[in-house]
Student: 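Got a structure for you, questions after.
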Amino acid sequence: MDMVYHPLEDALILHMKLNVEYTVSDMAKNSNIEIDQARRATEWLLQKGDIRQSKPPQRILYLGPEGKKAKESGLPEQRLLRYMLDGIPTDTIRDRLKTDWGPAIGICRKNGWIRMDKGQPVITSYPDAIPDDVMLQLDWENGVAADRVNKSFSKRPGFVISKMSPAQYVLPSEETLKQAIQRQNQVIPKGINVEADTAVSYAARTHPLHDIISEIREIFVTLGFEEIHGRIVQPSFWNFDALFTPQDHPAREMQDTFYVENVRVDTNAINVEDVAKIHNECWRYTWDYNRATAPVLRTHNTCVTIQHLALTNPKDARMFSLGRVFRNEKPSYKHLVEFHQVEGVVVGQTVSLRDLMGIQREFYRRIGLKKVKFWPTFFPYTEPSLQSMVYNETLEKWVELFGMGIFRPEVTRPLGITRPVLAWGGGIERIAMMRYEMDDVREFYRNGLDWLRGVPIRR
């Protein structure tokens, strides 16, 4: 069956050159449409495979005020050692360094370059090179990718400013452009032959569960969220450890989780030592790296969002992840081994639990669920935590849906995330059951033609 294209999709395609990179803002400007319309059309075209993402969002660093001062005058520790070699009195050095005096003394002592003798610094080993000095020689005017910058340098207060470069997209196929032009040039016939035979029509439709998934994706995109994607097979590090789940937690046993046997995978994380330290301190055991490298079929999509946050560390962001998850459970009328979840996060300096409840209320309103309330609960990686509940008119009772909360400091701090992070997640099949007034979740996967043909299409 031929795919149907929205005018917004054709507007984007017709203003894209082959294999030229565009951001969503570029495409909106070139097509003379609103940014939200361009964002929505971009998601549709990605799903159809007509465009592809050539560059993901990337965290770019620029020199902050302290970094610029260090580039002109030298690092605080460099200036301290230089003044000491020149024989300048300690009080004069302190006056020259001002607020840099404390950091300079601390760095030099930590590296064994000086020792303190009755409050006076004494050089013990003059370094041939200072590691962070190399960082100042990078091309900071045009920005530097975060993975090129030493962690110690980026953690210096005021040394770097972080910005997110937007994702870029390309039109890889000339055929896609030709088809869009043909759709624009179609001629409307001048007359209609009323005696002609009608075209043969074969009833066909998308699966009702697929419709719900598409609707949820559409709602979050129109609310300004960006969808992120991740692998189904994840290291235990991201699925559990990074989320402050102890290594002896029952959820990590084979009775609850599917593991890939006889394989170990790299965590691809730069924060392993910090995560290990918080586990050792808070859970009072010796954290085992081997357990963190055991690959699992992801049990939730939070592993996708937390990994993205750790790698990009945005100051402000709205992101969601939607996809299949797996639990080693016995199938029943309300449980499946494989099902779908949507999970999301909001990052911002001033975001609060009230904002999170507002987002959830708006989402439920758009999906058609009007009676909503929130109940205090416990989740391992959020504090405070809430359980959202909606009223099921068919069952005439309140039903639990999404869990939510604010990521605990034990989750965010080891990953270098300094701003509050609102998080939520929940199963999609449960929403679909309420929409289609079903009492057995397994019905979605039995493919009964009578039921599939009888479900009304929601517009």
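Counting begins at 1 with the first residue of the sequence.
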Student: Return the minimal non-hydrogen interatomic distance between Ile13 and Ala180, and the atom names on each side.
Tutor: CG2-CB, 3.7 Å
Student: The criterion is salt bridge (Lys or Arg N to Asp or Glu O under 4.0 Å); which residues satisfy it with Asp133, sequence neighbours excluded?
Tutor: none
Student: In terms of side-chain geometry, is the basic nitrogen of Lys55 or Glu21 positioned less than 4.0 Å from the acidic oxygen of its partner?
Tutor: yes
Student: Between Arg217 and Glu43, is there a salt bridge with N-O shorter than 4.0 Å?
Tutor: no
Student: Is Arg435 salt-bridged to Glu215, cutoff N-O under 4.0 Å?
Tutor: yes
Student: Distance only, no hydrogens: is a donor on one side chain within 3.5 Å (strictly under) of an acceptor on the other, for Asn239 and Ser236?
Tutor: no
Student: With sequence neighbours left out, write down each residue that passes side-chain contact (heavy atoms from CB on, under 4.5 Å) with Ala11, or none if nothing qualifies.
Tutor: Ser31
Student: Does a salt bridge link Arg366 with Glu362, judged by any charged N lying under 4.0 Å from a carboxylate O?
Tutor: yes
Student: Taking the basic N atoms (NZ, or NE/NH1/NH2) and the acidic carboxylate oxygens, is any pair closer than 4.0 Å for Arg205 and Asp211?
Tutor: yes
Student: Which distance, rounded to the nearest 0.5 Å, do you find between the OG1 of Thr412 and the CD1 of Ile306?
Tutor: 7.5 Å
Student: Which residues pass the side chain to side chain donor-acceptor pair (under 3.5 Å) test with His6, sequence neighbours left out?
Tutor: none
Student: Run the salt-bridge test on Arg419 and Asp316 with the 4.0 Å N-O cut-off and return the result as yes or no.
Tutor: yes
Student: With a 4.0 Å cut-off on N to O distance, would you call Asp36 and Arg39 a salt bridge?
Tutor: yes
Student: Taking atom types as modelled, is there a side-chain donor on Ser352 or Asp355 under 3.5 Å from an acceptor on the other?
Tutor: yes
Student: When you check the gap from the basic side-chain N to the acidic O, do Lys155 and Asp132 get nearer than 4.0 Å?
Tutor: no
Student: Which residue pairs pass the side-chain hydrogen bond (donor to acceptor under 3.5 Å, both in side chains) test with at least one member in residues 136-149, sequence neighbours excluded?
Tutor: Asp139-Asn142
Student: Just wondering, more than 12 heavy atoms not from Tyr445 lying within 6.0 Å of its OH?
Tutor: yes
Student: Please identify each residue that fulfils side-chain contact (heavy atoms from CB on, under 4.5 Å) with Glu273, with sequence neighbours left out.
Tutor: none
Student: Ring centres of Phe244 and Phe407 under 6.0 Å apart?
Tutor: no
Student: Whether Arg298 and Glu343 form a salt bridge (side-chain N of Lys/Arg under 4.0 Å from carboxylate O of Asp/Glu) is what I want to check.
Tutor: no
Student: Filter on side-chain hydrogen bond (donor to acceptor under 3.5 Å, both in side chains), then keep only pairs touching residues 371-380, sequence neighbours left out; what's left?
Tutor: none
